[in-house]
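Inspection log for the structure reproduced underneath, given as structure tokens.
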Amino acid sequence: MGTFLLVTLAGAEASAQAPPPSAKARQAAVAHANQGWTAYRARRYRDALQAFRRAEATVHAPTFLIMVARSCHKLGRLTEARSVYQVIVDEQLPADASQAFRRAQAEARTELEAVSSRIPTVEITVTGAGSGGVQVALGGLDVPPSTPVARDPGSHTLAVGAPGRRGLTKEIVLKEGMRAKVEVDLAAGKVRIESDRTGRDPGGEPQPLGPGQGAADGGAQEGGGPPGPGQGAADGGDAADGRPSPRSTAVVFTGLAATAAGTGLGVAFVLLSNGKSSSQQRLLEPACTDPARCPGLDLRAYNDLGHAKADLANAAVWSFLAAGAAGLGTAAYVLLTGQPDARDATATGLSVSPLPGGLVISKRW
């Protein structure tokens, strides 16, 4: 990937109007872009976005910017992705710009149209506000009433207030392509929502550009380069199509099996230990409470049963400890290797919901 990026940046140096970037800057940009590409393949889109932004800040290249837009797209930040795509489309490339730059601009134009159709809009109309001015905020940002505004898909808090009126808040969920109209009656304290979901179905997500496709690779070089979509699961992460890799599945099932086996052995040892304890008690005469003072007691058999009971109890403890360690290890593996579902912007963070007597805290991967 670094070799391909150097070719691209060399073309940028030759065609840029500003002073060409230094060799040190090019190397830094290559390192950042390599990190971004690795994170993008692993579906760690937040890390990819940061890395590609650092690469673009070091050396400007449309091939870096388009990966910034695609990372935003994958994270569900559609409005931000649209803005970055627009920057690429609006850029005036010099006559001697590299083929990779031109290809990135052409693909940004296509992806801009696709992402624009997926961005939901909402128009908020307020009645019953009286003679004073009305204040409308959506997701913490002021919005003009009776004007369609674009927002990313997900849950947004609508807050409406006016002098002399009781304020009103409501959660509004916007889906991709939705065209929503919200009618707020402050006097009655009611909210009415109408939606007409017209955009395209969210199936045409952008794919990373691999070698020869005009990403940050500098053109159609043959051989080498990073694998494209569907070829990056060999590193042990999730497959590019979202399914867990065979190794990940095997680790989880092995951990669950070890947890179940340890628990089962612990229960079995507890039952056997209780059986030894019962046998030990049966050796004692009904009126005898001290084994040392029971004349008819087989003291050797009594002590053997006691030792066996203690050994089985210790085995039960170690079995339960092993089961707990296997369960915690499996849970840690799932938490550390599972990636958030970036297709749903509302599912990547913790969700806290109040219930009578407690809270429900959830997170989806």
Side-chain angles (χ1 to χ4, degrees), residues 39 41-44 46-47 232-344 346-365:
R41 283 199 311 156
R43 301 174 66 190
R44 292 184 288 106
R46 295 185 187 279
D47 295 338
D235 57 2
D238 287 349
D241 59 359
R243 295 173 298 177
S245 68
R247 192 181 75 173
S248 300
T249 304
V251 171
V252 172
F253 276 103
T254 301
L256 294 177
T259 303
T263 304
L265 285 175
V267 172
F269 286 137
V270 167
L271 294 177
L272 291 174
S273 177
N274 290 338
K276 296 295 183 182
S277 179
S278 299
S279 299
Q280 193 180 36
Q281 291 298 320
R282 284 196 295 269
L283 291 178
L284 295 175
E285 297 178 1
C288 183
T289 57
D290 186 359
R293 297 183 179 181
C294 294
L297 175 65
D298 186 348
L299 191 59
R300 181 176 180 179
Y302 182 87
N303 290 333
D304 288 343
L305 288 173
H307 293 316
K309 179 183 68 174
D311 291 340
L312 290 170
N314 289 332
V317 171
W318 283 108
S319 297
F320 286 129
L321 289 176
L328 290 176
T330 304
Y333 178 82
V334 172
L335 291 175
L336 293 176
T337 60
Q339 299 298 325
D341 187 356
R343 294 169 297 180
D344 186 353
T346 65
T348 58
L350 285 173
S351 173
V352 182
S353 303
L355 287 178
L359 295 173
V360 174
I361 304 177
S362 63
K363 183 175 177 66
R364 193 168 89 191
W365 282 267

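On a predicted model such as this, the values are computed, not experimentally measured, just so you know.
Residue Thr330 comes nearest to Leu256 through the heavy atom pair OG1-N, 4.0 Å, listed as atom of the first residue, atom of the second, then distance. Between Gly266 and Ala316 the shortest heavy-atom distance is O-CB, 3.6 Å. Contact between Thr259 and Thr263 at its shortest, heavy atoms only, is O-OG1, 2.8 Å. When all heavy atoms are compared, the tightest approach of Ala258 to Ala326 is CB-CB, 3.8 Å.
Proximity of Phe320 to Leu265: side-chain heavy atoms (C-beta onward) are nowhere separated by under 4.5 Å.
The CG atom of Asn274 lies 9.5 Å from the NZ atom of Lys309; values are rounded to the nearest 0.5 Å. Note that CG of Asp304 and OG of Ser279 are 12.5 Å apart. Values are rounded to the nearest 0.5 Å. Trp318 CH2 to Phe269 CZ: the interatomic distance, rounded to the nearest 0.5 Å, is 13.5 Å.
With Ser273 contributing its side chain and Leu312 its backbone, the two residues share no donor-acceptor pair below 3.5 Å.
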